[in-house]
Amino acid sequence: MVVKGTNRGTTTDANGRYQLSIPEPTAGSAPLILVFSYVGYVAQEVNVSNGNGQPRSEVNVQLQENNQSLNEVVVVGYGSVRKSDLTGSVTSLKAQDLTRGTNVNLQQTLIGRSPGVQIYQKSGEPGATMSVQIRGITSITGNNDPLYVVDGLPVNDGTAIGTASAGGTTSNPNNRTPLNSLNPADIESIEILKDASASAIYGSRGANGVVIITTKKGKEGKLKVEYNGTYGVQKVAHTQQFMTGDEYTKVINDIIDLGKLTTPKVTGTNANTDWQKLLLRDAPIQSHDLSFSGAGGNTRFYISAGYFNQDGIMLKSGTRRYNARVNIENGIAGKYNVGISLTTSYTRDYYNATGVGLNDNASALYMAQNYDPTAPPYNADGSFYRSPLMAPMDNPLAVINGQYGMGDTYRTFGNMFAEYFLMPSLSAKVRVGVDLNDNQRYFWIDPTTLTGLSYNGYADVRDGKRGYYLAEGTLNFNKTIKDHRITAVVGSTYERYTSSSLTASSRSFALADLTFDALGTGDNTLNGVSSGRQENKLVSFLGRFNYAYKGKYLLTGSMRADGSARFGPNKRFGYFPSAAVAWRIHDEDFLKNSRSLSELKLRASYGVTGNQPTVNYLYFSTYSAGRNAVFNGSKVSSLQPSRSANPDLQWESAVQADLGLDFGFFNSRLTGSIDYYNRKTSNLLYDIPQPSSTGFGSRTENVGSMRNSGLEFALKGIVLDKKDFRIDAVFNITTLKNKVLSLGNVSQSIGSGRAASGR
């Protein structure tokens, strides 16, 4: 402690005793105040002057613990709890904890932020899909991505248009994640639910973990206007090293000399062309975000608009996004609460072809790494030069400039909710939400390329739509009776998924300048068209119970029943229970007065989660277009079976056990956790080879199992925390062992195929 306004002070001994000499007060002097402080506790000021102005000879003070981190509210499925009451394995990240920078999606902000979560971008293309795995994969043929929930609305992470391939020529499998539509600048917090206790409340979609995103809301006070802008330049860090034209010529001629070959030596002009350099560039990246927030009366609001633009370091690649968000809530504590959360965005993407094939069915960069370095890029008239030594491979510059891929994505998602308190401890809540995704892709192969010349121009236009609709009702209970705190939620949800697609293509254009904007100007005898439409429904019943005794002994139990139209009537419903216990050891009497220890909690959980297939209608036979036949001189189209029925298909189920320890020191300035998990996935959906006599090569069945196990360790330290300046140090490490235990009764599977190449 110190005498306020001076440097005079002292410290206590191990038993809290202290002694401090202070000067005698003078007439009219200010009251004598001692300031008591300690790391992890609230500072306290005490006036030690007695009534006649003289100081007291004995002053005893008991400081109150200041542990704000444990009192933070953490959002979990269908509700929230205090961080100190968590029984499951949950990583909670606030906006300031996320990876800073110019990020196109929230997944990039999570890289390296949570143990057990592996994130990487599948392609270097701007806006390309991210791979996110929580504690490894759980399925061989199904979905391995976590479920994303934004402000209570599960968002559909599937793409409206799948892998793009224009007539078997241009290939671009790098889908764009729909999560690009959500601006990272609008995020307030993210919770990652990793174990079954935390994620089982989401039932058939919880096997891969759950990522809960909460966006920013208005806060009490004056209108707040905030602008954030970033700008940077991306540069190629490293390219593959190849021989220059001179080096290439010397090597060829040396081989001829050493081998005493009669082959003519390489002579003539040498362009020394660096084909990689011609395809790459310095690319700018920038973002601009503007928001207005505040609260007045019973209403609070947050309104934002954003712009993101990233050019790719490869020519003809990039992504651009315009987005807006509105969050409005109105309510009176203990009476009612209503609100709306809505995001809308438009994204324009530019694509390159990928792969290692030939010409337009490959990446131009791949051809640049194999093309003749002695050849010049252009002819004297400005046309693309083709080396006679490389036929039928095309000039890389011709390919990247002659193929054009573009995509437009319009997405709107959000929800409205209303909550009414029937009594102080009981409320009823309803929520309706929607997620609409409209996506178009356009492809053009110009006659200036060898492939485009053979087609006299090729165009492909695709349109895909995905819709998601949610209706949800819950009852929420929250009651504290002396040493007992009980919270519970029960409810039901109805979810409907729709999707449709339309693809059209044409070739041999009368006027190539119109590209994909005028498919009708191509040869109509060579036109192609296809379409599809699907629908799926999910009906669920859920419940969760939380109990805390004296704040030290915690119990959580949950159950969810999911019924999906993706399965037949024999196995339509799946049931997903979970249970967890926790012991807040640091609140026990033998540790309660510890000055350095701020948290020590032991957790254990066990539960079942599920995984849905990514394909609809697996349980019954489907049909596809068959070969054409001719009857009486007329061509007749046909249908043929494309899938063998299996009405007994059911959920993939993952049984997971988790044992964890959370710890914190010095008022949570140093925190961490250790977790051991063991997850076994059974009833894997897998295509089993069938005898040819069945008419099908395979049949989808529930066979096999796999196991994931490992350790997670996380450590975070607050190095410096001032009003406007903070330094954190974060470390985490994960081990993961994945083993396929069984793939059914098939001892050996032998497949065959034939690959063809050409223009």
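Residue numbers run from 1 in the order of the sequence given.
Remark: side-chain polar atoms of Glu125 are paired, donor with acceptor, to backbone N or O of Asn352 under 3.5 angstrom. A donor-acceptor pair under 3.5 Å links the side-chain atoms of Ser199 to the main chain of Gly206, judged by distance alone. The backbone N or O of Gly127 sits less than 3.5 Å from a side-chain atom of Asn180, completing a donor-acceptor pair. The closest donor-acceptor contact from the side chain of Asn327 to the backbone of Lys216 lies under 3.5 Å. Side-chain atoms of Asn439 never come within 3.5 Å of backbone atoms of Gly407 as a donor-acceptor pair (strictly under, hydrogens ignored). In this structure, the side chain of Asp435 does not engage the main chain of Gly414 through any donor-acceptor pair within 3.5 Å. Using modelled atom types, no side-chain atom of Lys537 and backbone atom of Glu535 make a donor-acceptor pair closer than 3.5 Å. When atom types are taken as modelled, the side chain of Ser293 and the backbone of Tyr302 share no donor-acceptor pair closer than 3.5 angstrom. Side-chain N or O atoms of Asn144 include one that pairs as donor or acceptor with a backbone N or O of Ser139 at under 3.5 Å. Checked by atom type and distance alone, the side chain of Asn208 pairs as donor or acceptor with a backbone atom of Asn143 at under 3.5 Å.
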Evaluate the criterion side chain to side chain donor-acceptor pair (under 3.5 Å) for residue pair Arg441 and Tyr351; output intermediate values, then yes/no. CA-CA 10 Å; Arg441 275 196 175 190; Tyr351 306 93; 3.1 Å; yes
Side chain to side chain donor-acceptor pair (under 3.5 Å) evaluation trace for Gln440 with Asp438: CA-CA 7 Å; Gln440 294 89 40; Asp438 189 350; 2.7 Å; yes
Step by step, would you call Leu86 with Val76 a side-chain contact (heavy atoms from CB on, under 4.5 Å)? CA-CA 9 Å; Leu86 280 174; Val76 294; 4.0 Å; yes
Let me see the working for Ser114 and Thr91 under side chain to side chain donor-acceptor pair (under 3.5 Å), right down to the final yes or no. CA-CA 6 Å; Ser114 173; Thr91 297; 2.9 Å; yes
Trace of the side chain to side chain donor-acceptor pair (under 3.5 Å) decision for Arg462 with Ser501: CA-CA 7 Å; Arg462 297 162 180 254; Ser501 62; over 6 Å; no
Show your working on side-chain contact (heavy atoms from CB on, under 4.5 Å) between Ile213 and Val149 and close with a plain yes or no. CA-CA 6 Å; Ile213 301 107; Val149 181; over 6 Å; no
Trace of the side-chain contact (heavy atoms from CB on, under 4.5 Å) decision for Glu329 with Lys217: CA-CA 8 Å; Glu329 290 187 12; Lys217 308 293 191 298; 3.4 Å; yes
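Geometrically, Arg496 does not engage Tyr468 in a cation-pi contact, judged by NZ or CZ lying under 6.0 Å from the ring centre and within 45° of the ring axis. In this structure, Lys335 fails the cation-pi test against Tyr420, since its NZ or CZ atom is not both closer than 6.0 Å to the six-membered ring centre and inside 45 degrees of the ring normal.
Using a 4.5 Å heavy-atom threshold, the side chains of Thr734 and Gln118 count as touching. Under the 4.5 Å side-chain criterion, counting only non-hydrogen atoms from C-beta, Ile119 is in contact with Val117. In this structure the side chain of Ser564 reaches within 4.5 angstrom of the side chain of Asn536, judged on heavy atoms. Taking 4.5 Å as the limit, some side-chain heavy atom of Leu470 sits within range of a side-chain heavy atom of Pro154. In this structure the side chain of Phe413 never reaches within 4.5 angstrom of the side chain of Leu342, judged on heavy atoms. Here the side chains of Met130 and Asn105 are in contact, with some heavy-atom distance below 4.5 Å. With a 4.5 Å cut-off on side-chain heavy atoms, Leu290 and Val225 count as touching. Looking only at side-chain heavy atoms (C-beta outward), Val338 and Glu419 stay at 4.5 Å or farther from each other.
Between the side chains of Gln107 and Tyr148, at least one donor N or O lies within less than 3.5 Å of an accepting N or O. In this model, a donor atom of one side chain and an acceptor atom of the other lie less than 3.5 Å apart for Thr344 and Thr412. Looking only at atom types and distance, the side chain of Tyr227 has a donor-acceptor partner in the side chain of His288 under 3.5 Å away. With 3.5 Å as the limit, one finds a donor-acceptor pair spanning the side chains of Asp562 and Ser204. If you check the side chains of Asn546 and Asp85, you find no donor sitting under 3.5 Å from an acceptor. Donor-acceptor pairing under 3.5 Å is recorded for the side chains of Ser341 and Arg325.
Summarising the geometry, atom CZ belonging to Arg320 is positioned 10.5 Å from atom CG belonging to Asp408; distances are rounded to the nearest 0.5 Å. The distance from atom CZ of Arg431 to atom OG1 of Thr493, rounded to the nearest 0.5 Å, is 11.5 Å. Atom CD1 of residue Ile201 and atom CZ of residue Phe576 lie 12.0 Å apart, to the nearest 0.5 angstrom. Atom CG of Asp195 sits about 11.0 Å away from atom CD1 of Ile134, to the nearest 0.5 Å. Note that the CD atom of Glu495 and the CZ atom of Arg205 stand 4.0 Å from one another [nearest 0.5 Å]. Once rounded to the nearest 0.5 Å, the distance linking OG1 of Thr498 with CZ of Arg533 reads 7.0 Å.
Of the charged side-chain nitrogens involved, none lies within less than 4.0 Å of a carboxylate oxygen, so that Glu472 and Lys429 do not count as a salt-bridged pair. Under the 4.0 Å criterion applied to side-chain N and carboxylate O atoms, Glu220 and Arg300 are not assigned as salt-bridge partners.
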With a 3.5 Å cut-off and sequence neighbours excluded, list the donor-acceptor pairs that the side chains of residues 310-319 form with protein atoms.
unit_1 : atom_1 : unit_2 : atom_2 : d
Gln310 : NE2    : Gln234 : OE1    : 2.7
Ser317 : OG     : Met314 : O      : 2.7
Thr319 : OG1    : Asp349 : OD1    : 2.7

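When all heavy atoms of Asn330 and Asn337 are compared, the closest pair comes out as O-OD1, 3.2 Å. The two residues Ser287 and Thr230 have their closest heavy-atom pair at OG-OG1, 2.8 Å. Between Glu712 and Gly116, the shortest heavy-atom contact is OE2-CA, 3.3 Å. Between Asn103 and Thr99, the shortest heavy-atom distance links the atoms ND2-O, 3.1 Å. Contact record, Ala207 with Thr138: O-CG2, 3.5 Å, taken as the closest heavy-atom pair. Of all non-hydrogen atoms in Val75 and Glu191, the two that sit nearest each other are O-CG, 3.3 Å.
Applying the ring pair (Phe, Tyr, Trp, His ring centres under 6.0 Å) definition to pairs two or more places apart or across chains, those involving residues 178-219 are Tyr78-Tyr202. Judged as a ring pair (Phe, Tyr, Trp, His ring centres under 6.0 Å), the pairs with a partner in residues 322-345 (not counting sequence neighbours) are, in order, Tyr307-Tyr322.
Counted within 6.0 Å of CE on Met416, heavy atoms from surrounding residues, nucleotides or ligands total 12 or fewer; the atom is thus considered open. In this structure, Lys94 places its NZ atom where more than 12 heavy-atom neighbours from other residues, nucleotides or ligands lie under 6.0 Å away.
Taking the six-membered ring where the residue is Trp, Tyr404 and Tyr350 present tilted rings, their angle falling between 30° and 60°.
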